[in-house]
Trainee: 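Okay, here's the structure, questions in a sec.
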Amino acid sequence: MDPRTAAQRFADTWQHGWSRHDVDSIAALYAPDAEHISMPFRPPHRGRGAIADYIRWSFEGESDPQVSFTTPVVDGDQAAIEFRVHATDNGAPVTLAGCVFARFGPDGLAVRTRDYWHTTEGHH
């Protein structure tokens, strides 16, 4: 699959999947042996199952997410995609803003991803 198409599919699926807390549709974007790093210095999540577990954990306590992902910036087999989420986290309004960097295999599945993000109180 063309990396630009894979990156747009990744962004669209994450946006819709996060809005619905649909872990299965998001996890299907990753190769079976993919690696994901969420924030620098955290240990990596290796394999689709571990990534799905991390995503499921991330959604705990969150409700009413309004999610947007930008158009991916693609170079070769890699993409950078910014995102922003307004949600309620354990009853309090929060905003999460960040960027995911993804590398795609020939089949269009993500083989390596890493995120940088920050959360703040309120909706900004």
Trainee: Counting only heavy atoms not in Asp107, do more than 12 fall under 6.0 Å of its CG?
Mentor: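 Enclosed: over 12 neighbouring heavy atoms sit under 6.0 Å from CG of Asp107.
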Trainee: For the pair Arg48 (side chain) and Tyr30 (backbone), establish whether a donor and an acceptor sit closer than 3.5 Å, ignoring hydrogens and angles.
Mentor: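 Answer holds: yes.
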Trainee: Rounded to the nearest 0.5 Å, what separates atom CD in Glu35 from atom NE2 in His45?
Mentor: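 Taking CD in Glu35 and NE2 in His45, the distance rounds to 10.0 Å.
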Trainee: If you measure from OG1 on Thr113 to CZ on Phe10, what distance do you get to the nearest 0.5 Å?
Mentor: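 Rounded to the nearest 0.5 Å, the OG1-CZ separation comes out at 5.5 Å.
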Trainee: If hydrophobic clusters are built by linking Ile, Leu, Val, Met, Phe, Trp and Tyr wherever their side-chain heavy atoms come under 4.5 Å apart, do Ile55 and Tyr116 end up in the same one?
Mentor: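 Result: no, two separate clusters.
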Trainee: Could you tell me the separation between the CD atom of Gln66 and the CD atom of Gln15, rounded to the nearest 0.5 Å?
Mentor: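 So the CD of Gln66 and the CD of Gln15 are separated by 11.5 Å.
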Trainee: Trp18 vs Phe83 aromatic rings, parallel, tilted or perpendicular, using cut-offs 30° and 60°?
Mentor: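 It falls in the tilted class, 30° to 60°.
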Trainee: What's the shortest heavy-atom distance between Ala7 and Ile81, and which atoms?
Mentor: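 Here Ala7 and Ile81 meet closest at O-CD1, 3.9 Å.
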Trainee: Could you check whether any side-chain N or O of Thr70 sits under 3.5 Å from a backbone N or O of Glu82, counting only pairs where one atom can act as donor and the other as acceptor?
Mentor: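 Yes; at least one donor-acceptor contact below 3.5 Å.
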Trainee: Hey, mind stepping through Leu109 and Arg9 against side-chain contact (heavy atoms from CB on, under 4.5 Å) and telling me if it holds?
Mentor: CA-CA 10 Å; Leu109 296 177; Arg9 180 183 69 163; 3.9 Å; yes
Trainee: With a 4.5 Å cut-off on side-chain heavy atoms, are Ile26 and Phe59 touching?
Mentor: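 In short, these two side chains touch, coming nearer than 4.5 Å.
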Trainee: Looking at every heavy atom in both Ser25 and Gly17, which two are closest together, and how far apart are they?
Mentor: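 Heavy-atom minimum between the residues: OG-CA, 4.0 Å.
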Trainee: Could you measure the distance from the OG1 atom of Thr13 to the CG atom of Leu29? Nearest 0.5 Å is fine.
Mentor: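 Taking OG1 in Thr13 and CG in Leu29, the distance rounds to 4.5 Å.
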Trainee: Evaluate Asp115 against Ile37 for side-chain contact (heavy atoms from CB on, under 4.5 Å), listing each step before the verdict.
Mentor: CA-CA 6 Å; Asp115 294 342; Ile37 299 172; over 6 Å; no
Trainee: Identify the two heavy atoms, one from His16 and one from Arg20, that lie closest to each other, and give their separation to 0.1 Å.
Mentor: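 Smallest heavy-atom distance, with atoms named: O-NH1, 3.1 Å.
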Trainee: Find the distance between CG (Asp2) and CG (Asp77) and round it off to the nearest 0.5 Å.
Mentor: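 Reported value, rounded in 0.5 Å steps: 11.5 Å.
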Trainee: I'd like to know whether Asp33 forms a side-chain contact (heavy atoms from CB on, under 4.5 Å) with Arg46, so could you lay out the CA-CA distance, the side-chain angles of the two residues, the decisive distance to 0.1 Å, and finally the verdict.
Mentor: CA-CA 7 Å; Asp33 60 348; Arg46 291 191 171 96; over 6 Å; no
Trainee: With a cut-off of 3.5 Å and sequence neighbours excluded, list every side-chain donor-acceptor pair involving residues 88-106.
Mentor:
residue	atom	partner	partner atom	Å
Thr95	OG1	Gly122	O	2.7
Thr95	OG1	His124	N	2.9

Trainee: So which heavy atom on Ala6 is nearest to which on Gly108, and how close?
Mentor: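 Shortest heavy-atom contact: CB-O, 3.5 Å.
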Trainee: Starting from Met1, can I reach Val74 by hopping between I/L/V/M/F/W/Y residues whose side chains sit under 4.5 Å apart?
Mentor: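 Unlinked, Val74 and Met1 end up in two clusters.
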Trainee: Please list all pairs meeting salt bridge (charged side-chain N to carboxylate O under 4.0 Å, His left out) that have one or both residues in residues 56-68, counting only residues at least two apart or in different chains.
Mentor: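 Every pair satisfying salt bridge (charged side-chain N to carboxylate O under 4.0 Å, His left out) with a residue in residues 56-68: Asp53-Arg56.
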Trainee: Flag the pair Ser38 / Tyr54 as yes when at least one side-chain heavy-atom distance between them is below 4.5 Å, and no otherwise.
Mentor: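 The answer is yes; the side chains approach within 4.5 Å.
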Trainee: Which atom pair, heavy atoms only, marks the closest approach of Ala27 to Ala52?
Mentor: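 Looking at all heavy atoms of both residues, the shortest contact is CB-CB, 3.9 Å.
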Trainee: Should we say atom CZ of Arg42 is surrounded by more than 12 heavy atoms from elsewhere, each under 6.0 Å from it?
Mentor: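 Buried by this count: over 12 neighbours within 6.0 Å.
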Trainee: Assigning hydrophobic clusters by single linkage (Ile, Leu, Val, Met, Phe, Trp, Tyr; side-chain heavy-atom cutoff under 4.5 Å), is Trp117 placed with Val73?
Mentor: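 Looking at the clustering, Val73 is in a separate group from Trp117.
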